[in-house]
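Each ligand, and each atom within it, is numbered from 1 in the order the structure gives.
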Amino acid sequence: MTEQRPIAVLGGGSFGTAVANLLAENGHSVRQWMRDPEQAEAIRVHRENPRYLKGIKIHPAVEPVTDLLATLNDCDLSFVALPSSALRSVLAPHADLLAGKLLVSLTKGIEAQTFKLMSEILEEIAPQARIGVLSGPNLAREVAEHALTATVVASEDEALCERVQAVLHGRTFRVYASNDRFGVELGGALKNVYAIIAGMAVALGMGENTKSMLITRALAEMTRFAVNQGANPMTFLGLAGVGDLIVTCSSPKSRNYQVGFALGQGLSLEDAVTRLGEVAEGVNTLKVLKAKAQEVGVYMPLVAGLHAILFEGRTLNQVIELLMRAEPKTDVDFISTSGFN
Ligand SMILES: NC(=O)C1=CN([C@@H]2O[C@H](COP(=O)(O)OP(=O)(O)OC[C@H]3O[C@@H](n4cnc5c(N)ncnc54)[C@H](O)[C@@H]3O)[C@@H](O)[C@H]2O)C=CC1
Ligand SMILES: O=C(CO)COP(=O)(O)O
């Protein structure tokens, strides 16, 4: 059923644009808020987002807007697709408008100073709002091009999950539900770090065995950390865990993978990020995750290895040597090894 009120998408980047189009194609009227008036005007005139998702037509029911206050006033369901570095500063000044509203974060990052996930920030800013997250293997361009795609909406609020499923579910976009908001959101944030490593491995010409080892050990690491933080490890077997890890670690369309690829080609981190010109959340996540893992005593050798290369002056060969010669471990953490003598 078509919603009576418009639905808001906050963020003028590639994922906000892809999700705004999906909503509009499902018959909803959409306000896509962006900070840049020139970008909004260009979309209004050309029906294309000039910088992000070039070549994708923007549906006529998507109205680009720059007045955030009016947007939040007019809509009771908002999808938040802002970079993690901007989410708090954009929404905090409007906290009083958010009580009772449905806020769904699409952002896959961790706040630098607090180690908070985006839905935790939303909860802090707007304790009276109803909050959820959407995460999964969802490369924006493929979503916009109608590649068959699945995602997960997660919230303790079942009615919110049903509403999101109702507005987003479509011929090419399938929305699964979960009540593990923390696990789903954590999966989306953590996998970005491993995508950088995977991109690097490809640029360095490493083999298929290596790529498979990386993805599988990344999953082990992510899950170990998540369990330490109180998440349900089973969530990591789903779309928002292993699903997103696979797509981001294997696709040159992923920006985090692209940063890793550029690093593997010999670019500095600064040059790799500049060349990308879009958000790669994994760089910040790496910094905060390394510190957090150390603080809580969780063994995350891939995170520590990438951090050592990017921020501690270690060479790739030193790190590979350390990783490969590390003390042998058991394969899967959560299987009892009591059968071993
Ligand atoms: N692009 C993708 O394939 C997917 C992205 N995501 C997540 O969505 C979030 C947003 O990513 P994208 O849309 O891809 O980013 P993007 O790099 O395509 O665009 C970022 C957008 O945020 C805007 N922005 C930056 N700082 C801002 C501020 N202070 N105030 C207002 N707007 C600001 C930029 O102007 C730009 O429109 C990220 O956390 C990303 O991990 C999630 C799933 C898929
Ligand atoms: O989260 C994504 C796909 O699910 C997009 O990944 P990137 O941010 O690396 O492009």
**Q** Can you name the closest pair of heavy atoms from Ser250 and Pro252 and give their distance?
**A** O-CD, 3.6 Å
**Q** Hey, is Trp33 touching ligand 1 through its side chain, its backbone, both or neither, going by heavy atoms under 4.0 Å?
**A** side chain
**Q** Using a 4.0 Å heavy-atom threshold (strictly under), name the region of Gln258 that reaches ligand 2: side chain, backbone, both or neither.
**A**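 It is neither part, as no heavy atom is under 4.0 Å.
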**Q** Tell me the contacting part of Asn138 for ligand 1: side chain, backbone, both, or neither, using a 4.0 Å heavy-atom threshold, strictly below.
**A** backbone
**Q** Pick whichever of Arg141, Lys191, Arg255 has a heavy atom sitting closest to atom 1 (O) of ligand 2.
**A** Lys191
**Q** Under 3.5 Å, is there a donor on one side chain and an acceptor on the other for Gln32 and Thr17?
**A** yes
**Q** For Gly136 and ligand 2, answer yes if some heavy atom of the residue is under 4.0 Å from a ligand atom, otherwise no.
**A** yes
**Q** So which protein heavy atom does atom 25 (C) of ligand 1 come closest to, and at what separation?
**A**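 Nearest protein contact, heavy atoms only, for atom 25 (C) of ligand 1 is Arg35 NH2, 3.3 Å.
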**Q** Would you please determine whether Pro137 falls within less than 4.0 Å of ligand 2 on a heavy-atom basis?
**A** yes
**Q** Is the closest N or O pair between Glu281 and ligand 1 shorter than 3.5 Å?
**A**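 In this structure, Glu281 places an N or O atom under 3.5 Å from an N or O of ligand 1.
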**Q** In terms of residue, atom name and distance, what is the protein heavy atom nearest to atom 3 (O) of ligand 1?
**A** Ala140 N, 2.7 Å
**Q** Find the distance between OG (Ser105) and CG (Leu122) and round it off to the nearest 0.5 Å.
**A** 6.0 Å
**Q** Is there at least one pair of N or O atoms, one from Arg255 and one from ligand 1, spaced under 3.5 Å apart?
**A** yes
**Q** Taking CG in Asp96 as the centre, count heavy atoms belonging to other residues, nucleotides or ligands within less than 6.0 Å. Is the count above 12?
**A**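 Atom CG in Asp96 is packed in, count exceeds 12.
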**Q** Please report whether ligand 1 has a polar contact with Phe15, defined as an N or O pair separated by less than 3.5 Å (distance criterion only).
**A** yes
**Q** Any nitrogen or oxygen of Val90, side chain or backbone, less than 3.5 Å from one on ligand 1?
**A**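 No: no nitrogen or oxygen of Val90 is under 3.5 Å from one in ligand 1.
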**Q** For ligand 1, which is the ligand I care about here, please tell me if Pro83 has any N or O atom under 3.5 Å from one of the ligand's N or O atoms.
**A** no
**Q** Under 6.0 Å from the CD atom of Glu312, do we count more than 12 heavy atoms belonging to anything else shown?
**A** yes
**Q** Between Asn256 and ligand 2, which residue portion shows a heavy-atom distance shorter than 4.0 Å: side chain, backbone, both, or neither?
**A**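 Contact part for Asn256 vs ligand 2: both backbone and side chain.
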**Q** Looking at ligand 1, would Leu106 count as a contact under a 4.0 Å heavy-atom criterion?
**A**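 Checking ligand 1 against Leu106, which is what was asked, there is a heavy-atom contact under 4.0 Å.
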**Q** Indicate yes or no: does an N/O atom of Asn138 lie under 3.5 Å from an N/O atom of ligand 2?
**A** yes
**Q** Following the transitive rule for hydrophobic clusters with a side-chain heavy-atom cut-off under 4.5 Å over Ile, Leu, Val, Met, Phe, Trp and Tyr, establish whether Tyr194 and Met200 coincide in one cluster.
**A** yes
**Q** Give yes or no for whether the N/O distance cutoff of 3.5 Å, strictly under, is met between Lys108 and ligand 1.
**A** yes
**Q** Give yes or no for whether the N/O distance cutoff of 3.5 Å, strictly under, is met between Ser14 and ligand 1.
**A**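 Between Ser14 and ligand 1, an N or O pair is found under 3.5 Å apart.
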**Q** Around atom 3 (C) of ligand 2, find the nearest protein heavy atom and jot down its residue, atom name and distance.
**A**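 That would be Asp244 OD1, 3.5 Å.
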**Q** Within a 6.0 Å radius of atom NZ on Lys54, are there more than 12 heavy atoms belonging to other residues, nucleotides or ligands?
**A** no
**Q** Would you check whether Leu139 has a nitrogen or oxygen atom less than 3.5 angstrom from a nitrogen or oxygen atom of ligand 1?
**A**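 N/O-N/O distance under 3.5 Å: no.
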**Q** Would Lys329 pass as a cation-pi partner of Tyr299, given that its NZ or CZ must be under 6.0 Å from the six-membered ring centre and within 45 degrees of the axis?
**A**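 Judged by the rule, Lys329 and Tyr299 form a cation-pi pair.
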**Q** Check for me whether Ala81 has a heavy atom closer than 4.0 Å to any atom of ligand 1.
**A**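 Judged by the 4.0 Å heavy-atom criterion, Ala81 does count as contacting ligand 1.
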**Q** With heavy atoms under 4.0 Å as the rule, classify the contact between Ser254 and ligand 2 as side chain, backbone, both or neither.
**A**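 Within the 4.0 Å criterion, Ser254 contacts ligand 2 through backbone and side-chain atoms alike.
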**Q** Would you please say whether a donor-acceptor pair under 3.5 Å links the side chains of Arg275 and Gln265?
**A**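 Yes, a side-chain donor-acceptor pair sits under 3.5 Å.
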**Q** Assess whether side-chain hydrogen bond (donor to acceptor under 3.5 Å, both in side chains) is satisfied between Asn49 and Gln39, documenting all intermediate values.
**A** CA-CA 7 Å; Asn49 193 334; Gln39 184 191 13; 2.9 Å; yes
**Q** Do the side chains of Val30 and Leu102 join up, straight or via other hydrophobic residues, at under 4.5 Å, putting them in one cluster?
**A**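 Yes, one cluster joins them.
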